[in-house]
Amino acid sequence: MTAAVGDSQTILQTFLPTPQGAAIKFSCGSKFGVVFSLSTHLLTMSKVLVSDPIDQAGIDILSQVAQVDVKTGLPQEELIRIMPDYDALMIRSGTQVTKEIIEAGKQLKIIGRAGVGVDNVDVPAATRQGIVVVNSPEGNTIAAAEHALAMMLSLSRYIPDANASVTSGNWDRKSFMGVEVYKKTLGIVGLGKIGSHVATVARAMGMKLLAYDPFISNDRAEQLGCRLVDLDLLFREADFITLHIPKTPETANMINAETLAKMKPTVRIINCARGGIIDEAALAEAIASGKIGGAALDVFSKEPLGESPLLHLGKAAVLTPHLGASTAEAQVNVSIDVAEQIRDVLLGLPARSAVNIPGLYPDAIEKLRPYLRLAETLGNMVGQLAGGRIESLNIRMEGDLASVDSKPLVVAALKGLLYPALRERVNYVNAGIEAKERGIRVIETRDAAIRDYAGSLHLEAKGSLGDHSVTGALLGNDEIRITAVNEFPVNVPPTQNMLFTLHRDMPGIIGKIGSLLGSFNVNIASMQVGRKIVRGDAVMVLSLDDPLPEGILAEITKVQGIRDAYTVTL
Ligand SMILES: NC(=O)C1=CN([C@@H]2O[C@H](COP(=O)(O)OP(=O)(O)OC[C@H]3O[C@@H](n4cnc5c(N)ncnc54)[C@H](O)[C@@H]3O)[C@@H](O)[C@H]2O)C=CC1
Ligand SMILES: O=C(O)CCC(=O)C(=O)O
């Protein structure tokens, strides 16, 4: 059930994921008011669990709209136990959000990661359950880049060991002869946000820059003063190598015994990205045996690190406990960024940095919002017309829509298509995956030449009970119009209770349907017939004030000339 006050109604119906309850927006003087969940007839405030240390700035934002419980360092079993109470979970890198925790989150609508990497969240499990996962893609970029640079300089000048030596009462100037970074070659693996900032600063320090990133253009690399090369060449030529990539199946163990063997014996490796990108045993062995110069590591395969050969490498290794994002500024940034998104989702608004909603970025949403409603309505209608098992959904973007990013429209159409089967369990997060799991083939086509309306959408569902199509467009003020049903032209707004008939266009048929509905006390609000030729096949679309009583469809199909009849409830 979804209930809303004032203008938030549409937004809530459209965007609130898995609303086991309903969200109500109240105005109470603060910017957003308070969010309540209405479940089993009880009005309760939304609850957010913060399970890692998060800057107070974010907690203050969340407290305006929800009850916030800060409970850090909880064991998995305890998290699983308390998860059913919460609508949102906010974390840093400490909490491992496993499938079990997600499945326990029966009310959970959003997981907010106050940082970049979401590798501590089982995103596929969250997606499957329709839970939005958001992160803060830029809040700690500078902090992480500066940490990598600090690590590079610390390692090249042995600062941690020199400091330990002085604080132990020594004055040893011979043991800490370092190297300069000026005119040395820095190999940057991953030229995204953090890698780019590292490049900018390293260039200013007079370093020569090589970069490997298969998803970055030569132009962008050139702008940053980097030469894009293949990984092999980067490994062979770099004096320093710094990693700024996510951990993925492709990047796991990217630095291993074999790749280490290609590197200069003086090379120093910096990893402030993710543990597991380096084979730690192979790295420790390469440093201990003098095959490479050293390493500075902020991230590890297992955190906390515990016993490891990396602990016994003296000044050739600089280790920090995942501090890349640990600056006052970054923690405020990520906390606010993620708290705002959690607040928005609890209020039924879209999240700006959802990692598991395909193509639904704020700009796209704003531009497409009326068309998303259109796609969802048409999906819902065509699904109900087709009935049975849907084998494929063909979505044709027509007119102006032929040139827009179709992903959000496809997701919206699938959400509508699956709504009759899954009700509130389907949302923008899981519509794609739910369709795929049901074996529904999605075919997208475009036709800019169809110009009956500025932009229209045509959906055709092929299913076990037959094929049906609906076309729709928007009138000037964003009003939805159904403009064709099974290729028969009509012009009707969608309404809550609709009846469609496929029939032969012949005298008296409309009257018969009217009388029949009247005999069941069903009031007709409007009626329209679409036909291509006089006395040929036709479609009748009726808007009804009341839902059709049980059994009446069968009666309608007995009327002479009626081939089929369908109800659609929106
Ligand atoms: N130590 C810490 O506390 C922090 C660590 N990080 C980590 O730093 C890493 C980079 O973060 P951002 O720069 O914000 O991400 P980003 O997404 O802006 O950049 C990542 C880059 O890696 C590239 N890439 C992906 N797969 C690749 C592959 N197989 N080979 C080469 N390049 C590949 C992408 O094209 C992209 O340009 C992430 O793993 C993130 O989790 C981020 C913040 C703090
Ligand atoms: O939350 C943290 O301190 C870690 C940050 C991080 O690793 C990330 O943002 O990817």
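First listed ligand is number 1; within each ligand, the first listed atom is number 1.
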Quick one: nearest non-hydrogen protein atom to [atom], plus distance?
atom                    : result
atom 8 (C) of ligand 2  : R113 NH2, 3.1 Å
atom 39 (O) of ligand 1 : I245 O, 2.9 Å
atom 9 (O) of ligand 2  : V116 N, 2.5 Å
atom 35 (O) of ligand 1 : D213 OD1, 2.7 Å
atom 27 (C) of ligand 1 : F215 CE1, 3.9 Å
atom 17 (O) of ligand 1 : K193 NZ, 3.8 Å
atom 42 (C) of ligand 1 : I194 CD1, 3.3 Å
atom 30 (N) of ligand 1 : Y212 CE2, 3.4 Å
atom 43 (C) of ligand 1 : N140 OD1, 3.3 Å
atom 44 (C) of ligand 1 : A144 CB, 3.6 Å
atom 3 (O) of ligand 2  : R92 NH2, 2.6 Å

The one among [options] that brings a heavy atom closest to [atom]:
atom                    : options                : value
atom 25 (C) of ligand 1 : P246, A143, G324       : P246
atom 6 (N) of ligand 1  : P214, S326, C272, G117 : C272
atom 28 (C) of ligand 1 : T251, L234, D298       : T251

Against heavy atoms of [X], which atoms of ligand 2 measure under 4.0 Å?
X    : result
G117 : 8 (C), 9 (O), 10 (O)
G115 : 9 (O)
A325 : 3 (O), 5 (C)

Answer yes or no: is there an ion pair linking [X] with [Y], defined by an N-O contact shorter than 4.0 Å?
X    : Y    : value
K291 : E285 : yes
K184 : E180 : no
E237 : R227 : yes
R274 : D119 : yes
E78  : R81  : yes
R128 : E434 : yes

Backbone or side chain, does any N or O of R274 fall under 3.5 Å from an N or O of ligand 2?
yes
Has ligand 2 got any nitrogen or oxygen that is less than 3.5 angstrom from a nitrogen or oxygen of H322?
yes
So which bit of N140 gets within less than 4.0 Å of ligand 2, heavy atoms only: side chain, backbone, both or neither?
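Answer for N140: side chain.
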Taking C-beta and beyond as the side chain, do [X] and [Y] meet within less than 4.5 Å on heavy atoms?
X    : Y    : value
V189 : M254 : yes
Q107 : D85  : no
V48  : Y86  : no

Numbering as shown, the atoms of ligand 1 that approach [X] to under 4.0 Å (heavy-atom distance):
X    : result
H322 : 1 (N), 2 (C), 3 (O)
R274 : 5 (C), 39 (O), 41 (O)
H244 : 10 (C), 20 (C), 21 (C), 22 (O)

Below 3.5 angstrom, do we get any N/O pair linking M254 and ligand 1?
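No; every N/O pair is 3.5 Å or more apart.
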Modelled atom types, side-chain donor and acceptor of T98 and Q76, under 3.5 Å:
yes
Take atom CZ in R157; do more than 12 heavy atoms of anything else shown fall under 6.0 Å from it?
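Open.
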So with a 6.0 Å cut-off around CD of E258, is the heavy-atom count from everything else above 12?
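No, not enclosed.
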Could you walk me through whether E103 and K99 pass the salt bridge (charged side-chain N to carboxylate O under 4.0 Å, His left out) test, one step at a time?
CA-CA 6 Å; E103 282 172 355; K99 188 163 177 265; 3.4 Å; yes
Step by step, work out the side-chain contact (heavy atoms from CB on, under 4.5 Å) result for R352 and E340.
CA-CA 9 Å; R352 57 176 170 261; E340 283 180 347; 2.7 Å; yes
Looking only at heavy atoms of A325, does any of them come nearer than 4.0 Å to an atom of ligand 1?
yes
Per side-chain hydrogen bond (donor to acceptor under 3.5 Å, both in side chains), T95 is matched among D52, N120, T72 by D52
In this structure, does ligand 2 have an atom that sits under 4.0 Å from one of the heavy atoms of S326?
no
